[in-house]
Q: 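Here it is, the structure, as structure tokens.
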Number of protein chains: 2
Amino acid sequence: MTEKRRSRVTLQQVANHAGVSRATASLVVRGSPHISKETREKVLNSMKELGYVYDRVAANLRSHRSSTVGLIITEIGNPFFSDLLAGVHESLDQEGYTVILGTTFDSPAKQDELLSTMLEYRVGGVIMSPVPGCSVDMVERLKQWGIPVVLVAREELPMRQFDYVGIDNVAGGRLATKHLIQQGHRRIAFIGGFSGSSVWRDRKKGYCEALEQAGIELDESLLIQSLTTRKGGMEAMKRALELPNPPTAAFCYNDVVAFGAMLGLKEVGMMPGRDIAIVGFDNIQESAIFHPPLTTIAAFPERIGVHAAHILHKRMTGETSEPKRLILQPELVVRESSSGIPHSS
Amino acid sequence: MTEKRRSRVTLQQVANHAGVSRATASLVVRGSPHISKETREKVLNSMKELGYVYDRVAANLRSHRSSTVGLIITEIGNPFFSDLLAGVHESLDQEGYTVILGTTFDSPAKQDELLSTMLEYRVGGVIMSPVPGCSVDMVERLKQWGIPVVLVAREELPMRQFDYVGIDNVAGGRLATKHLIQQGHRRIAFIGGFSGSSVWRDRKKGYCEALEQAGIELDESLLIQSLTTRKGGMEAMKRALELPNPPTAAFCYNDVVAFGAMLGLKEVGMMPGRDIAIVGFDNIQESAIFHPPLTTIAAFPERIGVHAAHILHKRMTGETSEPKRLILQPELVVRESSSGIPHSS
DNA sequence: GTGAAAGCGCTAACAA
DNA sequence: TTGTTAGCGCTTTCAC
């Protein structure tokens with residue numbers, strides 16, 4: 001898959017140059033305290049002179065350690081995940097880890113393949129956002145090998161045995177729906193996403209709870225699934241409008257879907273926030289600058305990433321407590337897209 | 001930096017189990033054609049039974065090859081780079097490479113550190129967006145080691161010795177400025193960015209050329225630098241408005257800056273596209289859904305990433321031609337933010 | 001504090 | 001087609 005490269009300066013050469021043994025040179029490289037100043041300096045000098053570069057691969061092989069971490073996300077396109085990535089990456093980087101990246105594009109097969117690759121590369125740990133419908137086998141396998149796995153953002157399968165960092169999607173769904181109810185809406189659609197995912201089910205649960213609390217009966221026809229893309233959101237919204245008794249408000253699966261939904265409304269000459277109220281989920285950066293600015297549920301992807309990185313770091317340095325579950329509380333961010341007063345219907 | 005892991009099934013064990021030598025087992029793993037069907041199957045079976053996982057690290061160490069590629073970008077936050085990342089990642093993934101990610105946050109020191117790390121990890125190649133003001137030393141070092149480097153998106157230093165994939169920033173600047181001139185503007189600011197970067201200088205060059213062609217004299221006070229963030233763009237725009245003779249149009253360093261500029265305008269009650277015309281650069285996804293939709297120069301980050309990945313792959317598989325320069329042509333995307341008619345001034 | 005020897009898991013070169 | 005031998009560059013014992 002590649003090409004040969006030129007000769008590497010080895011620790012042996014450094015040792016020869018400095019007139020010590022390879023073992024001693026190795027201790028110097030790793031900053032061992034049991035080395036006299038003189039030898040240390042001799043070796044350090046030789047390293048510089050020869051242009052020595054530490055071979056972490058060889059070291060990892062021999063020592064059975066790894067400073068590599070695998071990060072597996074489902075899609076880079078969604079800002080939620082690029083923010084998550086940023087959080088993980090930066091924290092891990094600070095701790096001295098190196099990150100190997102993988103993207104599943106929501107394919108279970110691809111996820112297994114990536115986990116395999118991670119194993120082959122001897123990663124010391126994995127942070128992963130699991131694909132809906134994936135099997136737990138591969139993940140368990142990593143665990144059996146003693147490779148800690150921290151799950152983020154999605155809870156698929158019976159995964160209580162793993163560390164998990166995510167957002168409270170039920171609470172988020174409740175928050176969003178309650179807000180719309182308080183604005184006077186009673187016909188509220190839940191738009192976009194796919195019922196096969198745990199995230200969808202949780203947000204829907206919150207949606208249902210809020211309706212029930214307000215004494216509004218659930219109308220199944222207002223549950224409109226779609227791809228979690230802008231296009232998917234647009235189509236879903238159009239289907240909602242074609243209903244015999246269309247909604248006056250919509251809680252969207254996430255911000256990307258909400259953008260699509262709002263674009264769909266504009267296309268048919270309706271104004272989100274005036275003709276129909278919209279609430280999203282995630283609070284990605286774009287939601288503040290969309291027109292109208294999107295009311296949404298903040299899900300703090302970057303924070304999730306940072307927490308996951310910390311937990312993984314602890315696991316990799318020997319912490320063996322029970323699996324942790326860290327559920328961040330979402331927050332309602334009110335902007336203009338939800339300010340519409342419901343039409344009588 | 002990590003923890004020990006459990007025992008790995010080795011090729012030796014597989015070989016024992018199958019009753020062949022380690023070398024034979026190795027050939028089977030790598031799909032050599034010089035192996036009889038029976039032995040292949042025996043070995044394959046043993047692998048499955050024992051749960052064998054290929055150790056790519058050990059293999060790379062021994063074979064002096066590497067299927068790992070380093071990807072170094074400057075900031076993940078900017079959608080331009082996350083799109084670039086997506087392009088690189090997907091292409092490389094398809095070719096069977098694994099990607100190690102690094103982010104420099106525009107710090108030359110961090111860049112050198114990352115390049116060192118890449119060396120330590122024995123990457124087979126590197127794709128990198130160089131930091132303005134970085135030194136060429138480390139990069140040359142990689143090259144001396146026989147590790148191919150493909151530069152993307154930015155041309156810092158005398159880097160003609162490396163492969164490069166980017167956009168024609170001069171043409172882009174010209175395109176943007178010409179468009180504004182055609183709309184009737186004569187006082188056009190160039191807003192945001194930092195004159196230390198090659199990208200800024202090139203876009204400014206295009207801007208100047210277009211002005212000159214139209215017989216408009218360059219007014220240095222209309223060159224307003226800033227951080228390449230939304231906030232930076234906002235502040236730069238405000239400074240522009242405070243000028244004794246403010247501009248009627250602005251060509252912004254990139255889309256993110258343009259968003260900031262437009263937000264700044266809105267804050268003082270002006271409407272971008274009506275009171276003042278705005279053109280951005282990059283055509284990131286958000287530019288289509290901003291309000292008003294942003295006129296911009298498409299820079300095709302994902303395509304840049306795909307091309308860079310292809311070139312690197314060729315280099316890694318032995319192509320030794322002269323350094324390639326692939327300069328994509330930008331395209332003007334006209335939307336509503338540039339439709340304003342210039343005020344008399 | 002430092003050195004000698006063994007070996008991580010694999011592939012390369014050769015021999016059979 | 002398959003086995004033998006050597007060794008990638010490093011860390012790990014365990015001597016001294």
Side-chain angles (χ1 to χ4, degrees), chain A residues 1-43 46-47 50-67 119-122 124 145-146, chain B residues 1-2 4-43 46-47 50-68 119-122 124 145-146:
Chain A
M1 213 159 299
T2 61
E3 185 203 6
K4 290 220 174 180
R5 69 168 56 118
R6 290 247 218 97
S7 65
R8 225 173 152 106
V9 176
T10 73
L11 204 51
Q12 181 67 73
Q13 291 170 43
V14 172
N16 290 153
H17 185 103
V20 300
S21 77
R22 198 163 77 226
T24 307
S26 175
L27 288 174
V28 173
V29 173
R30 288 176 288 156
S32 159
H34 307 297
I35 293 281
S36 73
K37 253 189 186 154
E38 301 124 46
T39 9
R40 185 196 311 291
E41 278 176 11
K42 263 196 301 185
V43 174
S46 301
M47 282 172 50
L50 300 180
Y52 172 73
V53 172
Y54 185 61
D55 191 326
R56 213 168 279 276
V57 170
N60 285 351
L61 175 60
R62 178 62 239 244
S63 68
H64 289 208
R65 281 172 235 281
S66 171
S67 49
L119 262 181
E120 292 185 5
Y121 276 100
R122 293 171 157 269
W145 282 50
Chain B
M1 209 160 300
T2 60
K4 292 221 175 181
R5 70 169 53 119
R6 291 247 216 95
S7 65
R8 231 177 147 101
V9 176
T10 74
L11 204 50
Q12 181 68 73
Q13 291 170 43
V14 172
N16 289 153
H17 185 103
V20 299
S21 78
R22 199 165 74 226
T24 307
S26 174
L27 288 174
V28 173
V29 172
R30 288 176 287 158
S32 159
H34 308 298
I35 292 281
S36 74
K37 255 190 186 152
E38 301 123 46
T39 7
R40 184 196 312 291
E41 280 178 8
K42 261 195 304 185
V43 175
S46 301
M47 281 172 51
L50 301 180
Y52 173 74
V53 172
Y54 186 61
D55 192 325
R56 212 168 279 275
V57 170
N60 286 351
L61 174 61
R62 178 61 239 242
S63 68
H64 290 210
R65 280 172 234 283
S66 171
S67 48
T68 313
L119 263 181
E120 292 185 4
Y121 276 101
R122 294 172 157 268
W145 283 50

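Chain letters run A, B, ... following the sequence lines, proteins first, then strands; residues in each count from 1.
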Q: Of the nucleotides C/dC8, C/dT2, C/dT11, which has the atom closest to the B/Ala59 side chain?
A: C/dT11

Q: Where the side chain of A/Ser26 is defined as all heavy atoms beyond and including C-beta, which of D/dT11, C/dT11, D/dG9 is the nearest nucleotide?
A: D/dT11

Q: Does D/dT2 have OP1 or OP2 under 4.0 Å away from a side-chain N or O of B/Ser36?
A: yes

Q: Restricting to nitrogen or oxygen on both sides, can you table the protein-nucleotides 5-7 of chain D pairs closer than 3.5 Å?
A:
| residue | atom | partner | partner atom | Å |
| --- | --- | --- | --- | --- |
| D/dA6 | N6 | B/Arg22 | NH2 | 2.9 |
| D/dG7 | N2 | B/Arg62 | NE | 3.3 |
| D/dG7 | N2 | B/Arg62 | NH1 | 2.9 |
| D/dG7 | N3 | B/Arg62 | NH1 | 3.0 |

Q: Roughly how many Å is it from CZ in A/Arg30 to P in C/dT2, rounded to a whole number?
A: 14 Å

Q: Tell me the interatomic distance from A/Asp55, atom CG, to C/dC10, atom P, rounded to whole angstroms.
A: 17 Å

Q: When you measure from the side chain of B/Ser63 to the backbone of B/Ala59, do you find a donor-acceptor pair of N or O atoms at a distance under 3.5 Å?
A: yes

Q: Specify the separation, in whole Å, of atom CG of B/Asn60 and atom P of D/dC10.
A: 15 Å

Q: Whole angstroms only, please: what is the NZ-P distance between A/Lys37 and C/dT2?
A: 13 Å

Q: Looking at side-chain heavy atoms only, is the closest gap between A/Thr39 and A/Ser36 below 4.5 Å?
A: yes

Q: Using the side-chain heavy atoms of A/His64, tell me which of these nucleotides is nearest: C/dC8, D/dT11, C/dT2.
A: C/dC8

Q: Give a yes/no answer on whether the side chain of A/Ser21 brings an N or O atom under 4.0 Å of OP1 or OP2 in C/dG3.
A: yes

Q: Taking all non-hydrogen atoms of both residues, which atom of A/Arg122 and which atom of A/Asn60 are closest, and how far apart?
A: NH1-O, 4.0 Å

Q: Which nucleotide in the list C/dC8, D/dG3, D/dT2 gets nearest to the side chain of B/Ile35?
A: D/dT2

Q: Would you find a donor on one side and an acceptor on the other, under 3.5 Å apart, between the side chain of A/Thr24 and the backbone of A/Val20?
A: no

Q: Okay, side chain of B/Ser46, backbone of B/Lys42: is any donor-acceptor separation there less than 3.5 Å?
A: yes

Q: Find the distance A/Arg8:CZ to D/dC10:P and express it as a whole number of Å.
A: 7 Å

Q: Apply side chain to side chain contact (heavy atoms under 4.5 Å, CB included) to the pair B/Met47 and B/Val29, showing each step before the final yes or no.
A: CA-CA 9 Å; B/Met47 281 172 51; B/Val29 172; 4.1 Å; yes

Q: Choosing from D/dC8, D/dC10, D/dT2, which nucleotide comes nearest the side chain of A/Tyr54?
A: D/dC10

Q: Rounded to whole angstrom units, what separation is found between the CD atom of A/Gln12 and the C1' atom of C/dA6?
A: 14 Å

Q: Checking B/Ser26 against B/Arg30: is there a side-chain donor and acceptor pair closer than 3.5 Å?
A: yes

Q: Among C/dG9, C/dT2, C/dA12, which nucleotide has an atom closest to any side-chain atom of A/Thr39?
A: C/dT2

Q: Name the closest nucleotide to the B/Leu11 side chain, picking from D/dG9, C/dC10, D/dT2.
A: C/dC10

Q: Taking atom C1' of D/dC10 as reference, at what distance in whole Å does atom CG of A/Asn16 sit?
A: 15 Å

Q: Does a side-chain N or O of A/Tyr121 approach OP1 or OP2 of C/dG9 to a distance below 4.0 Å, or not?
A: no

Q: When we call it a touch if two heavy atoms are under 4.0 Å apart, what does A/Val20 touch: a base, just sugar-phosphate, or nothing?
A: sugar-phosphate

Q: Within the 4.5 Å heavy-atom criterion, are A/Tyr121 and B/Thr68 side-chain neighbours or not?
A: yes

Q: To the nearest Å, how far apart are B/His34 NE2 and C/dA15 C1'?
A: 16 Å

